[in-house]
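Here is the structure we will look at, set down as structure tokens.
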Amino acid sequence: KNDAPQYRSFLTKHYDAKPWARNDKYCEIMMKRRGLTTPCKDTNTFIHDNKNNGEPYGEGLRRSKSLFQVTTCRHRGGSPRPPCQYRATAGFRHIVVGCEHGLPVHFDESFFSP
Ligand code: U3P
């Protein structure tokens, strides 16, 4: 177990090993449960896999070599105050993260294999 606060925060925002769904309702509930709705966060990705095989990518970032199951939640717009409404996009994608001391602390983006 690693206690680095930025890493704990990354896991809270971006890691969910066993999603019970990957749809709009999932986003609505998870965004709230993980404390991302005051105000409604615009975009947030939940990662459902746990692999460790990154390579350098751009300025201080790491890109995963393998694909991850991810669900990205996008705020539908309107008021930034709760209740926040989200649109879910489920995918199997490379992810790009920023790391500190070898652990992810920032989720940058995800994309399909070119
Ligand atoms: N973000 C995602 N997924 C995306 C794009 C952006 O979650 O596909 P963080 O606290 O640095 O992780 O870029 C600003 C925020 O948008 C990032 O915040 C990241 O969580 C989120």
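Since the model is a prediction, treat every value here as computed from it, not as a measurement. Residues: numbered from 1 along the sequence shown. Atoms within each ligand, like the ligands themselves, are counted from 1 in listed order.
Against a heavy-atom cut-off of under 4.0 Å, H106 is close to the following atoms of ligand 1: 9 (P), 11 (O), 12 (O). For ligand 1 and H14, the ligand atoms under 4.0 Å from any heavy atom of the residue are 7 (O), 12 (O), 19 (C), 20 (O). The ligand atoms of ligand 1 that sit less than 4.0 angstrom from a heavy atom of T43 are 1 (N), 2 (C), 3 (N), 4 (C), 5 (C), 7 (O), 16 (O), 21 (C).
At under 3.5 Å, a nitrogen or oxygen of K41, whether backbone or side chain, sits near a nitrogen or oxygen of ligand 1. On a distance-only criterion, K13 and ligand 1 share at least one N/O pair closer than 3.5 Å.
Proximity annotation for atom 4 (C) of ligand 1: of T45, V105, L36, T45 comes nearest, heavy atoms only. Residue nearest to atom 2 (C) of ligand 1, selected from F107, F10, F46: F107 (by heavy-atom distance).
Applying the 6.0 Å contact sphere to CG of N52 captures no more than 12 heavy atoms from other residues, nucleotides or ligands. Within 6.0 Å of NZ in K25 there are 12 or fewer heavy atoms belonging to other residues, nucleotides or ligands.
Put simply, atom 14 (C) of ligand 1 has no protein non-hydrogen atoms near it, under 4.0 Å away. For atom 8 (O) of ligand 1, the nearest protein heavy atom is under 4.0 Å away.
Checked against a 6.0 Å centroid threshold, the rings of H14 and F46 do not count as neighbours.
Side-chain atoms of D49 come within 3.5 Å of backbone N or O of Q69 as a donor-acceptor pair.
Taking CG of L36 as the start and OG1 of T43 as the end, the distance is 11.5 Å to the nearest 0.5 Å. With rounding to the nearest 0.5 Å, the separation of OG1 in T72 from CZ in R22 is 9.5 Å. A distance of 11.0 Å separates OG1 of T71 from CZ of R93, quoted to the nearest 0.5 Å.
Residue contacts with ligand 1 for D108 involve N, CA, C or O but no side-chain atom from C-beta outward (heavy atoms, distance under 4.0 Å).
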